[in-house]
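What follows is a single structure, written as structure tokens, with notes after it.
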Number of protein chains: 2
Amino acid sequence: MRRDEATRRPARKPKHAYHHGDLRQALVQQALVTIQEHGVEALTLRQTGERLRVSRTALYRHFADKQALLAAVATEGFALFERALAEAWGDAAVPASRERFYRVGRAYVDFARRHPSHYRVMFGRFVDNVAADPALAGSADRAFGVLVTALEALQGVGLVRRHASPELAVSVWACTHGLAMLFIDGQLSRPDLDAEAMVLATLDRVWDFLTPR
Amino acid sequence: MRRDEATRRPARKPKHAYHHGDLRQALVQQALVTIQEHGVEALTLRQTGERLRVSRTALYRHFADKQALLAAVATEGFALFERALAEAWGDAAVPASRERFYRVGRAYVDFARRHPSHYRVMFGRFVDNVAADPALAGSADRAFGVLVTALEALQGVGLVRRHASPELAVSVWACTHGLAMLFIDGQLSRPDLDAEAMVLATLDRVWDFLTPR
DNA sequence: ACCTGAACACCGTTCAAGT
DNA sequence: ACCTGAACACCGTTCAAGT
């Protein structure tokens with residue numbers, strides 16, 4: 001279905017119309033949709049442009065290359081992640097509690113399950129040099145900041161032991177991340193598995209990690 | 001650097017020599033080397049053939065497509081995985097013990113760290129329809145069989161509680177898998193993190209999971 | 001059976017050129 | 001500034017043809 005150069009151009013589609021509004025944001029959204037529908041490996045810059053009725057190379061005005069587009073997707077993902085975690089943790093004025101911690105843990109896994117494309121781009125090997133992209137590094141730091149804040153508040157009320165080693169923190173992250181990955185890789189979608197129970201079982205273990213002994 | 005058709009062909013390289021020996025196995029090995037050096041996304045069939053001094057399409061005599069080649073890499077990975085786990089668990093005649101379980105856990109994470117390319121292909125989204133490839137499904141089942149055998153032996157001597165729910169087993173897997181993934185994604189290579197301590201901290205938690213209460 | 005080159009329909013990226 | 005098409009050096013895969 002190629003443009004016929006003999007055709008009268010339709011009134012509403014002037015030949016050299018620039019893209020309406022924020023092309024950059026439109027590209028990020030379109031990329032995300034493609035990833036959601038067909039996976040990261042199916043993402044092509046040419047198709048992304050085409051779907052937005054824009055030339056194949058228009059994208060390079062906004063992104064250095066494909067990596068940079070993926071980095072933008074990841075950055076947006078971390079922003080959403082931060083909001084989801086912060087919402088789950090709730091008001092800083094409310095006293096920290098085990099229940100609030102569980103809400104954050106649940107929100108972590110829920111985010112991965114509801115935004116698998118974002119999560120995969122955020123934590124997969126698709127974005128290589130996180131350090132090289134300040135926007136990406138910043139959004140990732142802010143998201144993890146919510147977790148740090150929550151843990152510090154729990155330490156403040158004595159529910160989480162102080163001086164937790166970084167190795168312990170990594171173990172906590174590993175359990176949550178691993179569960180999230182198994183979920184979005186479809187390896188837990190067997191009828192005999194209760195998703196809620198798996199999340200709870202894991203969070204119970206994570207809580208034990210953190211509790212003073 | 002293209003072949004010059006005017007050049008005398010070297011004596012040791014007859015024009016239509018077939019590939020020496022097992023081309024299929026050579027392709028799998030070459031693919032693995034490329035993945036190790038430059039990642040899965042850098043794997044191309046054309047280059048793989050070229051490096052083996054074989055035409056671009058010779059590969060299709062042995063594999064239906066790129067997926068099938070990756071499936072073969074994964075299959076080989078599961079075979080190595082099985083051997084590593086079985087070796088760590090050791091002789092079936094020796095009574096099951098917490099120490100032997102820890103050896104298996106360590107072997108799991110060690111395998112991922114020492115064969116990150118294999119592990120990524122085995123558990124990443126690169127191999128889509130595991131069920132469609134009987135060889136792959138079989139090798140995966142045999143590898144997990146070692147874990148099942150170990151757990152049953154531990155149940156036999158009363159160290160692991162019986163009737164452990166599948167959700168519990170998933171939590172155990174999630175923690176180990178998550179730690180492995182964080183390792184091979186390079187997210188734990190900070191100087192302040194002690195790899196051994198992280199593995200131990202996680203295995204301690206996993207053991208608590210399994211212990212009767 | 002196993003291997004080959006030519007061909008097809010794609011990629012990411014660069015570049016000179018247009019408004 | 002922002003967008004464009006043409007061009008370059010790549011892909012995976014198919015196919016008719018060779019031994």
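Order of the sequence lines fixes the chain letters, A, B, ..., with proteins taken first and strands second; residue numbering starts at 1 for each chain. These values consider heavy atoms only, across backbone and side chains, with no hydrogens, waters or symmetry-generated copies.
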- With sequence neighbours excluded, what pairs up with A:L80 under the side chain to side chain contact (heavy atoms under 4.5 Å, CB included) test? A:R83, A:F111, A:H118
- Under 4.0 Å: is that the gap between some side-chain N or O of B:H62 and OP1 or OP2 of C:dC2? no
Run the side-chain donor-acceptor check on residues 173-183 of chain B: report pairs under 3.5 Å with partners two or more places apart or on a different chain.
from   : atom 1 : to     : atom 2 : distance (Å)
B:W173 : NE1    : B:Y108 : OH     : 3.1
B:T176 : OG1    : B:V172 : O      : 2.8
B:H177 : ND1    : B:Y119 : OH     : 2.8

- Between protein and nucleotides 12-17 of chain D, map the contacts as a letter string: B base, S sugar-phosphate only, - none, heavy atoms under 4.0 Å, written 5' to 3'. BBB---
- Enumerate the residue pairs fulfilling side-chain hydrogen bond (donor to acceptor under 3.5 Å, both in side chains) with a member in residues 136-153 of chain A, sequence neighbours excluded, ordered by first and then second residue. none
- Query: Could you give the CG-to-P distance, from A:L23 to D:dA1, as a whole number of Å?
  - Reply: 17 Å
- Query: Based on Watson-Crick and G-U pairs with both distances under 3.5 Å, what dot-bracket line describes DNA chain D 5' to 3', crossing pairs as [ ] and inter-strand pairs as |?
  - Reply: ||.|||||...|||||.||
- Tell me the side-chain hydrogen bond (donor to acceptor under 3.5 Å, both in side chains) pairs involving residues 39-48 of chain B, sequence neighbours left out? B:Q47-B:R51
- side-chain hydrogen bond (donor to acceptor under 3.5 Å, both in side chains) pairs, two or more places apart, involving residues 58-74 of chain A: none
- Message: Test your reading of the model: is there a side-chain donor-acceptor pair from A:R103 to the backbone of A:W89, 3.5 Å cut-off?
- Response: no
- What residue pairs, at least two apart or across chains, pass salt bridge (charged side-chain N to carboxylate O under 4.0 Å, His left out) with a residue in residues 173-182 of chain A? none
- Rounded distance (Å) that lies between atom C1' of D:dC2 and atom CZ of A:F63: 15 Å
- Message: Under the salt bridge (charged side-chain N to carboxylate O under 4.0 Å, His left out) definition, can you give me all pairs with a residue in residues 114-124 of chain A, not counting sequence neighbours?
- Response: A:R120-A:D185
- Whole-Å distance separating the CG atom of B:L69 from the P atom of D:dC11: 15 Å
- Grab the CD-P distance between A:E41 and C:dC11 for me, whole Å please. 14 Å
